[in-house]
Amino acid sequence: MTDLSLGTFEDGDSADNDLDPDAASIARCATTCRAPDRDGSSWASPDEDWGLTTQRPASSINTSAGRATKQQTRWVVDGDVGDYVEQYATGDLLQIPNTYGEFDSIDTRVTFVDGLADSYGYGIDAQALEKALRVLTGGGRYTASKYTAIPCGKQPWILTGPEGTLLCSCMPVERPENPYTKDLRTPETTLQIEEQNQTVRTGAAEFAHLLSDALGVDIEGVEYATVRGKTQHSFVGAEDEFKIAARDLAQLHGLTNDPSVIQGGVSRGVQPPSGGDPISVEWDGPDHPVGYLDEGDVIAGYEFTWEQPEESLEDVAVVREYRITRNYSRWTVDYHTHRLASVVP
């Protein structure tokens with residue numbers, strides 16, 4: 001493995017004078033050029049990606065590490081790579097092994113986790129890094145200190161070297177041994193939850209509060225599991241556990257706990273999604289407050305939106321009443337729709 005004192009990629013005083021350059025300094029020295037004309041590969045016309053001009057491969061490129069997809073190996077033709085890295089980079093660098101045979105020692109880097117995705121997370125693993133390097137070098141021998149991989153969070157990561165620069169999308173990767181754990185703060189307590197997605201965490205805090213408020217359950221911990229490829233969290237109480245999918249938790253994010261906010265808003269007029277003058281609609285308010293236990297369902301919140309029922313030719317204004325309900329061994333989030341009556345001028 002090389003250290004982080006990486007060499008320059010092209011001639012330039014700014015890089016030569018920096019003995020330990022950071023990601024932005026390296027990116028400002030990155031080579032940009034048209035994709036090379038090599039046997040067995042062709043490139044599409046230049047396109048724009050996040051302020052950079054890139055060329056995608058016309059088809060996947062076959063390398064000794066596997067086939068590199070079009071998103072994995074976009075060649076940067078032009079643009080300010082330094083500005084891109086300044087905006088998106090996470091601040092660290094990935095070390096390039098001295099030989100292709102050493103790529104097995106590369107640890108998987110999870111750059112972001114989406115609790116709604118089937119896979120645990122997205123990032124850079126040994127195979128992705130090796131495939132990108134083989135595309136950049138053409139598969140020949142290389143000097144590791146002349147190449148740098150720069151993680152950029154959710155954005156595509158950068159691989160740069162003497163031949164040029166690649167923009168490489170993060171790909172689904174395996175769950176790491178040390179997963180992401182965050183504090184989950186509820187009105188009752190603070191728990192630890194294995195979840196990176198902020199929307200899911202917000203919904204999880206609301207779920208825990210509803211269990212405590214409506215069912216009198218004190219949640220002692222939250223466990224993570226993958227069931228048939230789907231992310232699921234288990235909220236563990238003293239005598240029972242409450243399993244719920246991450247995508248259901250996400251639905252609890254942003255709901256209105258105070259229905260009077262919706263009542264006051266719609267009475268002043270709402271803008272139809274198809275444009276035109278605002279219209280006024282009437283809503284008498286909910287049948288039950290948030291936290292109410294209705295035949296086993298817990299009222300979770302309210303949301304104003306527009307729907308187009310099958311029997312209607314246009315969108316109609318509705319309020320959705322969200323509920324958490326037990327469905328066999330797990331809990332789900334669903335909603336009932338209350339259609340709002342239009343006020344005729």
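The first residue in the sequence is number 1, and the count goes up from there.
In plain terms, the two heavy atoms of Thr32 and Val77 that are nearest each other are CB-O, 3.6 Å.
For the side-chain contact (heavy atoms from CB on, under 4.5 Å) criterion with Ile96, the lone passing option out of Thr148, Ile106, Leu159 is Leu159.
A perpendicular orientation is assigned to the rings of Tyr84 and Trp50, their planes being inclined by more than 60° (bins at 30° and 60°).
Side-chain rings of Phe235 and Phe207 approach one another, their centers coming within less than 6.0 Å.
Proximity of a side-chain donor or acceptor of Ser212 to a complementary backbone N or O of His209 within less than 3.5 Å is not detected.
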For this session: Could you check Arg28 against Asp83 for salt bridge (Lys or Arg N to Asp or Glu O under 4.0 Å), going step by step and ending with a plain yes or no?
Result: CA-CA 8 Å; Arg28 282 192 288 270; Asp83 182 68; over 6 Å; no
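A salt bridge does not link Asp47 to Arg74: none of the charged nitrogens lies less than 4.0 Å from a carboxylate oxygen. Between Asp248 and Arg323, no side-chain nitrogen of the basic residue sits less than 4.0 Å from a carboxylate oxygen of the acidic one, so the salt-bridge criterion is not met. Under a 4.0 Å N-O distance rule, the pair Arg320/Glu307 qualifies as a salt bridge.
Arg134 forms a cation-pi arrangement with Tyr100, by the criterion of a distance under 6.0 Å to the ring centre and an angle within 45° of the ring axis.
The local environment of CG in Asp240 is crowded, with over 12 non-hydrogen atoms from other residues, nucleotides or ligands closer than 6.0 Å.
Side-chain atoms of Thr202 and Glu206 include no donor-acceptor pair closer than 3.5 Å. In this model, a donor atom of one side chain and an acceptor atom of the other lie less than 3.5 Å apart for Glu303 and Tyr322. Side chain to side chain, Gln95 and Tyr147 fail the donor-acceptor criterion of an N or O pair below 3.5 Å. Counted by atom type alone, Glu223 and His233 present zero donor-acceptor pairs between their side chains at under 3.5 Å. Neither side chain, Ser45 nor Gln55, offers a donor N or O lying under 3.5 Å from an acceptor on the other.
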